[in-house]
Number of protein chains: 2
Amino acid sequence: MTLQISSPADFHVHLRQGTITDLIVPHVRKGGFDLAYVMPNLKPPITSTDQALEYQERLLKIDSNVDYLMTLYLSPELTPDEIRKASKAGIVGVKSYPRGVTTNSDGGIESYETYYPIFQVMQEVDMVLNLHGEVPSDPSANIHVLNAEPSFLPHLFKIHEAFPKLRIVLEHATTRAAVDAVKKCGPTVACTITAHHLELIVDDWAGQSWNFCKPVAKYPDDRKALQEVVREGHPRFFLGSDSAPHPPDTKSTSSPSHACAAGIYTSPILLPLVAHLLESFGALDKLEDFVSTNGRSFYRRPIETHVNGRTIQLHKTQNLVKGKYEFENEALVPFWAGKQLNWEIVE
Amino acid sequence: MTLQISSPADFHVHLRQGTITDLIVPHVRKGGFDLAYVMPNLKPPITSTDQALEYQERLLKIDSNVDYLMTLYLSPELTPDEIRKASKAGIVGVKSYPRGVTTNSDGGIESYETYYPIFQVMQEVDMVLNLHGEVPSDPSANIHVLNAEPSFLPHLFKIHEAFPKLRIVLEHATTRAAVDAVKKCGPTVACTITAHHLELIVDDWAGQSWNFCKPVAKYPDDRKALQEVVREGHPRFFLGSDSAPHPPDTKSTSSPSHACAAGIYTSPILLPLVAHLLESFGALDKLEDFVSTNGRSFYRRPIETHVNGRTIQLHKTQNLVKGKYEFENEALVPFWAGKQLNWEIVE
């Protein structure tokens, strides 16, 4: 059996900066994808149009066949004028990180009201708001890594209510509560799901730091909800890999004095991995919807607009995932290293 | 200020076998304790009186000043006759491990009714049943490491109802649900609490395998419940450290292909650590109850019966916890390595 998928699009990916960028940008196409929705959490973060365009230029130099959709980092520096400028320059979205907004908040919980003037202009110029949907852990309020996402959802409802025409994406949903919340919202609210959250649960990262990411993988019933919404083919749910490269020494925990980096690297195996997982829970017929059509429709990036778009063919295999990818001094261990994937891209 | 504590007793400790036993047995006294309730999960497990006595002899050879209370591993091999023999030989308890939930528990139990004839004789001869209170993870039933303990509690109630005079200890409780359950039971049901569960929550082991143990540390509200029951001085709750030595290479996660060992090593710093923690949540006045009186009372091991019992003096300090303990080829990194403890034992 061969599968044909039109121009897969990854609507949440980290391409970083420095040498590692040279290693990982080619993995977007290698993993089967022609579009990368690029996260702005660099050091320093991408907060202006000029920075974003410069970054896009750097990425295009490495691989000009990918459609890089750029985003800005939501921060107090961002002005309505900058939003208008960004929109004119083709920048697609603004990403909100809980950590970045806690400075303008009461008691550690985000206060999005501060950013309402920004959201107003984003709605006018039709830019997308990308939400990292977690509140910071707060033991005194019993907020921890496992309920950080459900605790965020009232913020989603409130922003959506205040700006019903603002397109919002709840990023990397991990809970049944988040799936239900997005479904309840109107057509302007969508949701990305990673490949790894379709597979992992809390037991998988308990004592295994390589499976640790944020948001953390949740309970079996939450994983089931993610799988169900993909199987259902709901048009507002689509792939955003959140593929996040971290060097092996930051993923292992050789010392009790510091925790490992949060993140899972899936880019180079992404389309075969998603095909493998969807097949495992009976949703292979929704593969193109999940990895291409749904997201492209929400972001108004139809397949025919992308000159370099490919039709990817997948066929059955029993390949093992490569143990390591290297470039100059950088090395990365992908998710599922050494495990068997049942699908591979026909070169 | 100086604290005087009479003959501290650790009612749940792993002393293992082989060279590491020579390293860790002296740590019982070093940590301030004169009594060790010794877990039977060796390879092979301690399932007979003869094995237990042989093991006790080995421990006494290393340090004869500790009162070692021995236990048997609940398994199909155990007979009512063996229980009577064990009781006569001074063996105190029988430990039940659910299958597969922690270190060396592959031979653990699946159904408790099978063991009712054993429990009947244990009740007659007044042996204690020590329960590892978790059910195995089962994704299809939404059972995972975080609800494994609450899901076990119906078993506790059922056994207690069937054998109301059988003394039962729910080991290393980690949840508010477990604390409430033990409180609801009659005077024959008690509960141990570890030092590390008075400190850790899920956020502390997320991405940090050195803080990973079974049962896993739970949510902030659960930690609060453990702290509250200690502060309340409830007589049926007492210290069982569950101190579990694992070599550094098994605690770190250098490879994505296998998880780290579950366990936290607290023995050599145990009494100062417990004093530090109880002081941090306003329960220092309950220190002797928690580490000595309550457990000794439940186990009928009053202080005066132990010929080698000591009164331990603690005074204020700003010592840092040692980074590593070594003996021959064995090395262990204790909990809180490099962190400051506010109390130390006066030698």
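The chains referred to below are lettered A, B, ... by the order of the sequence lines, with proteins before strands, and numbering in each begins at 1.
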* Asked: So which of B:A259, B:C213, B:S140 has the biggest tally of heavy-atom pairs under 4.5 Å with chain A?
  ->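 Among B:A259, B:C213, B:S140, the one with the most close pairs to chain A is B:A259.
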* **Most contacts with chain A, counted as non-hydrogen pairs under 4.5 angstrom, among B:S252, B:P256, B:G338, B:G323** =>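 Among the listed options, the one with the most contacts to chain A is B:P256.
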* Nearest 0.5 Å please: distance from the OG atom of B:S209 over to the CD atom of A:Q208. =>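 Spacing of OG (B:S209) from CD (A:Q208) equals 8.0 Å.
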* To the nearest 0.5 Å, what is the distance between CH2 (B:W205) and CH2 (A:W205)? ->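 Interatomic distance, B:W205 CH2 to A:W205 CH2, rounded to 0.5 Å: 4.0 Å.
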* Counting only heavy atoms not in A:K183, do more than 12 sit closer than 6.0 Å to its NZ atom? ->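 Count over threshold, so yes.
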* Which region of A:K214, side chain (C-beta onward) or backbone (N, CA, C, O), has a non-hydrogen atom less than 4.5 Å from a non-hydrogen atom of chain B, or is it both or neither? ->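 Neither part, no heavy atoms under 4.5 Å.
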* **A:V145 versus chain B, the contacting section by heavy-atom distance below 4.5 Å** =>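 Contact with chain B is through both the backbone and side chain of A:V145.
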* To do: Examine distances only and state if a side-chain atom of A:N142 and a backbone atom of B:D221 form a donor-acceptor pair shorter than 3.5 Å.
  =>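 Yes: the side chain of A:N142 pairs with the backbone of B:D221.
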* Do B:H144 and A:P220 have side-chain heavy atoms sitting under 4.5 Å apart? ->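 Answer yes - side chains close enough.
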* Asked: Hey, which of A:P139, A:A206, A:P248, A:A148 has the most heavy atom pairs under 4.5 Å with chain B?
  ->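 Most heavy-atom pairs under 4.5 Å with chain B: A:A206.
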* What part of B:K224 lies closer than 4.5 angstrom to a heavy atom of chain A: side chain, backbone, both or neither? ->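 No part of B:K224 comes within 4.5 Å of chain A.
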